[in-house]
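Everything below concerns the one structure shown next.
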Amino acid sequence: MTSGSSDFAERLKAMRAGKQAQSSPQTPSLKDRLNREQPNESSSQKDVRESIRAKFKAQAEAKKSQSSLGTTAIPDPKSALADENLPELELAALPEQQKQKEEKTQQWSPENGGICPSCNSFNPPHVAFCGHCRYMLLRSEEEIEIITSYPLLEMKGLVHTFIQNLAKLKITSTEEILRAGLSHRNRQMLVKHSGMSERSLMRLIHQANICRVPSMGPENTALLELIGINTLEELLTHKPLELYKKIQQSKIKLNQSGIMFLPTKSQTKLWLEEAAALSPIKFG
């Protein structure tokens, strides 16, 4: 090829390249077009776009945090009610809840039970004393003076089953059986729920009355019963020397019953003096 023809080919090639550059200018990339601000875009349109971007960014972050914890957020019904200003519903109490509410509000009665007027604790029916504060629920109109009191377990001749049944009624001492047994109505309840006969109950109540004598005690109360003195009134009918002789005449009988130590003359005299100083009790 000659030099003239080669020069012509070079010029033709350069002309084609320039024409192609003029016909197809360089096109910007997609990223550049997205990031480039539009010249006619107003400030309000920018704010809307930014708020939309922020909203979708917050939603994406919330989904990401939920997926990392593996839990799904559950809306709180209380907050929903509060937002919508809806009134709260008043739920009806179940029968068990209503029963518990009545137990806490009703005043105690022998048939239904109720709260103690002293400490406001609930007590079941058919008890004589509060199981918490020992307040007497079975009220008696007669006020009695009690100086000494003894556990029923120390009373001689009282069947252990009766002691257990009385303990269920919250009666565990001579003072409590005496206070509870003053009225006929109370004694009927005690007979019904203790399993004791009315005669056995009255015997125990009279023994508890004799135990009010400070120097007497349950063992000497049993001693008096063995020689035929069953009530405090019967004891007061004796003279000190007369009582002492009566005890000495029954010495063998008393020893056979397990009573080995008999009172002296001065002790029998003290018994009668202390018994006379006590206020008498009237049983209803």
Which value, rounded to the nearest 0.5 Å, describes the distance between [X] atom [atom1] and [Y] atom [atom2]?
{"X": "Gln164", "Y": "Leu153", "atom1": "CD", "atom2": "CG", "value": "9.0 Å"}
{"X": "Leu169", "Y": "Glu176", "atom1": "CG", "atom2": "CD", "value": "11.0 Å"}
{"X": "Tyr244", "Y": "Thr264", "atom1": "OH", "atom2": "OG1", "value": "7.5 Å"}
{"X": "Gln188", "Y": "Ser183", "atom1": "CD", "atom2": "OG", "value": "9.0 Å"}

If every non-hydrogen atom of [X] is compared with every non-hydrogen atom of [Y], which pair is closest and at what distance?
{"X": "Phe122", "Y": "Gln106", "result": "CE1-NE2, 4.5 Å"}
{"X": "Val191", "Y": "Glu198", "result": "CG2-CA, 3.9 Å"}
{"X": "Thr148", "Y": "Pro214", "result": "CG2-CA, 3.7 Å"}
{"X": "Ala208", "Y": "Ile177", "result": "CB-CG2, 3.7 Å"}

>> Please tell me whether Phe283 and Ile171 are part of a single hydrophobic cluster in this structure, the criterion being side-chain heavy atoms less than 4.5 Å apart.
In response: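 The answer is yes; both residues are in one hydrophobic cluster.
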
> Can you hop from Leu270 to Leu236 via hydrophobic side chains spaced under 4.5 Å?
Replying inline: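 Not linked; separate clusters.
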
Set of side-chain contact (heavy atoms from CB on, under 4.5 Å) partners for [X], sequence neighbours left out:
{"X": "Met196", "answer": "Leu158, Phe162, Leu166, Ser194, Ser200, Leu201, Leu204"}
{"X": "Glu154", "answer": "Tyr150, Pro151, Pro218"}
{"X": "Ser121", "answer": "Cys116, Cys119, Asn123, Cys130, His132"}
{"X": "Pro117", "answer": "Tyr135, Leu137"}

> Cluster partners of Met216, using ILVMFWY side-chain heavy atoms under 4.5 angstrom, listed by chain and number?
Replying inline: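 Members other than Met216 - counting any ILVMFWY side chain reachable under 4.5 Å - are Ile147, Ile210, Val213, Leu223, Leu224, Leu226, Ile227, Ile229, Leu232, Leu235, Leu243, Ile247, Leu254, Ile259, Leu262, Trp271, Leu272, Leu278.
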
> Mind checking who shares a hydrophobic cluster with Met260, ILVMFWY linked at side-chain heavy-atom distances under 4.5 Å?
Replying inline: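 Joined to Met260, directly or through intermediates: Phe261.
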
> Within the distance-only criterion (no hydrogens, no angle test), does the side chain of Arg187 pair as donor or acceptor with the backbone N or O of Gly181 below 3.5 angstrom?
Replying inline: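 Checking the backbone N and O of Gly181 against the side chain of Arg187, a donor-acceptor pair under 3.5 Å is found.
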
>> Test your reading of the model: is there a side-chain donor-acceptor pair from Glu234 to the backbone of Asn230, 3.5 Å cut-off?
In response: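 Indeed, once roles are kept as given, a pair shorter than 3.5 Å links the two residues.
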
> With His206, which residues qualify under side-chain hydrogen bond (donor to acceptor under 3.5 Å, both in side chains), at least two apart?
Replying inline: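 Scan of His206 (side-chain hydrogen bond (donor to acceptor under 3.5 Å, both in side chains), adjacent residues dropped) gives none.
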
>> The criterion is side-chain hydrogen bond (donor to acceptor under 3.5 Å, both in side chains); which residues satisfy it with Glu175, sequence neighbours excluded?
In response: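 Listed in chain order: Arg179.
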
> Is there any salt bridge (charged side-chain N to carboxylate O under 4.0 Å, His left out) pair reaching into residues 262-280, and which pairs are they, with sequence neighbours excluded?
Replying inline: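 Residue pairs with at least one partner in residues 262-280: there are none.
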
> Going by the salt bridge (charged side-chain N to carboxylate O under 4.0 Å, His left out) test, which pairs reach into residues 116-127, not counting sequence neighbours?
Replying inline: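 Not a single pair qualifies under salt bridge (charged side-chain N to carboxylate O under 4.0 Å, His left out).
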
>> Show me the pairs that pass side chain to side chain donor-acceptor pair (under 3.5 Å) and involve residues 217-227, at least two apart or across chains.
In response: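 Residue pairs with at least one partner in residues 217-227: Arg203-Glu225, Gln207-Glu225.
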
> Given the rule in the side chain to side chain contact (heavy atoms under 4.5 Å, CB included) test, do Leu182 and Lys282 qualify, once you have shown the distances and angles that lead to the verdict?
Replying inline: CA-CA 7 Å; Leu182 286 180; Lys282 295 180 180 179; over 6 Å; no

> Could you give all pairs that pass the ring-ring contact (aromatic ring centres under 6.0 Å, His included) test and reach residues 178-201, with sequence neighbours left out?
Replying inline: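 Pairs touching residues 178-201 that pass the test: His126-His193.
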
>> Between Arg134 and Ser118, is there a side-chain heavy-atom distance shorter than 4.5 Å?
In response: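 Not touching, per the 4.5 Å side-chain cut-off.
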
